[in-house]
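Sequence lines set the chain letters: A, B, ... in the order given, protein chains first and strands last, and positions in each chain run from 1. Quick caveat, the model's predicted, so the values are computed rather than measured.
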Number of protein chains: 2
Amino acid sequence: MARRFRGSEEVKVDAKGRVSIPAKFRRIFEASDPDFEAGKRAQLVIVHGTRDWNWLQLFTIEAMEEIEDGIARMPRGSAARNLLENIYQGHADEAEIDGDGRLVLPQKLREKIGLTDSAFFISAGDSLKVWTPEAHAEEERALEARVPELEPGADPLSLLSLAEEG
Amino acid sequence: MARRFRGSEEVKVDAKGRVSIPAKFRRIFEASDPDFEAGKRAQLVIVHGTRDWNWLQLFTIEAMEEIEDGIARMPRGSAARNLLENIYQGHADEAEIDGDGRLVLPQKLREKIGLTDSAFFISAGDSLKVWTPEAHAEEERALEARVPELEPGADPLSLLSLAEEG
DNA sequence: AGAGATGCCATGGGATTTCATGGGAAGCAA
DNA sequence: TTGCTTCCCATGAAATCCCATGGCATCTCT
């Protein structure tokens with residue numbers, strides 16, 4: 001079973017703050033939770049980061065363990081380590097996917113990113129980012145604007161050759 | 001077995017969104033899927049890209065792995081890398097060719113490119129592009145317009161020399 | 001060569017399952 | 001009580017499974 005997310009999906013957020021985790025993503029969370037077994041609930045970690053983040057990031061248990069190992073190897077007390085600990089441990093919550101395949105996003109977190117009636121999930125390697133559909137569209141425009149060397153109509157893969165030069 | 005697509009084909013899209021993958025293309029997908037074996041289903045990746053794409057791009061597993069390796073070699077956090085990840089990871093889906101040689105295009109993707117009752121497949125190296133027949137005709141006209149240095153009636157191969165000059 | 005058989009292929013459809021989503025009611029806390 | 005949670009059930013739509021058909025090309029047998 002794959003351990004990486006791929007794709008994106010828009011889902012409804014109901015009045016109780018529940019969001020259905022699209023089935024293809026749910027399977028990744030299940031496969032990447034060492035304690036998961038049929039009938040039980042897959043665990044995951046919701047990172048909401050610092051004030052300026054307008055998205056949430058959902059990590060599988062395995063991905064989170066890797067990150068924590070990475071942090072543990074950094075010099076204790078270094079500014080960088082403190083920063084990472086602040087984000088990934090301080091501004092993170094444990095959560096689980098319920099029997100109906102849904103995740104309940106606490107009100108605080110919904111408010112932080114401005115979620116009301118629908119949420120946009122998009123894969124980011126071994127995590128899933130959650131945005132309001134509008135915030136994501138905005139982010140995507142910004143992303144494109146940051147790569148002026150890609151002419152309209154050009155194949156994005158032409159960017160790969162840049163890697164070998166610079 | 002060849003690993004590159006050649007040619008184009010128009011096929012029907014039925015009410016369930018199923019499209020028959022022309023046999024010559026199907027064999028490429030099978031040959032380029034490392035885990036494929038007789039009786040099993042060939043895997044592939046459907047990239048639908050950002051808002052403005054009005055086509056889908058079907059990649060073999062091997063082609064997609066190459067792209068992902070290329071992306072992985074780019075500097076983490078660079079604008080170009082983020083853009084490519086957004087397209088090829090965020091706006092892509094895993095899929096497979098069913099026992100009847102068909103691919104099911106999810107409703108969302110059909111709507112995105114305006115697909116209704118028939119689809120036009122055209123080879124693009126190690127991927128296959130899918131358009132509505134109308135959109136493809138339009139694209140073909142635009143393609144020519146983007147290369148003004150080719151005079152009407154001139155041999156397109158004359159363009160090859162441009163590559164050497166830069 | 002011609003007739004018939006065989007196989008591959010594109011296409012269609014019914015039946016079943018999965019999935020996203022909505023809502024009621026019980027549990028719990030302020 | 002009043003508002004959140006948590007658990008359980010309901011439903012329509014979409015996706016999946018499985019089987020069927022007709023056309024075209026190739027092969028085989030006489």
Atom pairs and distances, side-chain donor-acceptor, residues 90-100 of chain B, under 3.5 Å, sequence neighbours left out:
unit_1   : atom_1 : unit_2   : atom_2 : d
B/His91  : NE2    : A/Glu140 : OE2    : 2.5
B/Asp93  : OD1    : A/Lys24  : NZ     : 2.6
B/Glu94  : OE2    : A/Arg6   : NH1    : 3.2
B/Glu96  : OE1    : B/Gln43  : NE2    : 2.8
B/Glu96  : OE2    : B/Arg41  : NH1    : 3.0
B/Asp98  : OD1    : B/Asp100 : N      : 2.8
B/Asp98  : OD1    : B/Gly101 : N      : 3.1
B/Asp98  : OD1    : B/Arg102 : N      : 2.9
B/Asp100 : OD2    : B/Arg102 : NH2    : 3.4

Co-membership, hydrophobic cluster, residues B/Phe59 and B/Trp131, 4.5 Å side-chain: yes
Taking B/Phe120 as the starting point, is it possible to reach B/Val47 by hopping between hydrophobic residues whose side chains are less than 4.5 Å apart? yes
Summary of ring-ring contact (aromatic ring centres under 6.0 Å, His included) pairs that have at least one residue in residues 7-32 of chain B, sequence neighbours excluded: B/Phe5-B/Phe25, B/Phe5-B/Phe29
Using a 4.0 Å cut-off to any heavy atom of chain A, which nucleotides of DNA chain D are the first and last in contact, reading 5' to 3'? D/dT6 to D/dC9
With side chain to side chain contact (heavy atoms under 4.5 Å, CB included) as the criterion, how do B/Val130 and B/Ile46 come out once you've worked through the C-alpha distance, each side chain's angles and the decisive distance to 0.1 Å? CA-CA 10 Å; B/Val130 186; B/Ile46 307 176; over 6 Å; no
Inspect the contact between B/Glu111 and B/Lys108 and indicate whether a charged nitrogen and a carboxylate oxygen are less than 4.0 angstrom apart. no
Do any side-chain atoms of residues 67-78 of chain A form donor-acceptor pairs under 3.5 angstrom with protein atoms, and if so which ones, sequence neighbours left out?
unit_1  : atom_1 : unit_2  : atom_2 : d
A/Ser78 : OG     : A/Pro75 : O      : 3.0
A/Ser78 : OG     : A/Arg81 : N      : 3.2

B/Arg141: which of B/Glu138, B/Glu139, B/Glu144 passes side-chain hydrogen bond (donor to acceptor under 3.5 Å, both in side chains): B/Glu138
Enumerate the residues from residues 106-114 of chain B whose closest heavy atom to DNA chain D is under 4.0 Å, giving them by residue number; use none for an empty result. B/Pro106, B/Gln107, B/Arg110
Polar side-chain atom of A/Lys112 near backbone of A/His48 as donor-acceptor pair, under 3.5 Å: yes
Cluster link A/Val45 to A/Phe121, ILVMFWY, side chain under 4.5 Å: no
Counting primed atoms, P, OP1 and OP2 as sugar-phosphate and everything else as base, the B/S/- map of nucleotides 19-30 of chain C against protein heavy atoms under 4.0 Å is SSBBBBB-----
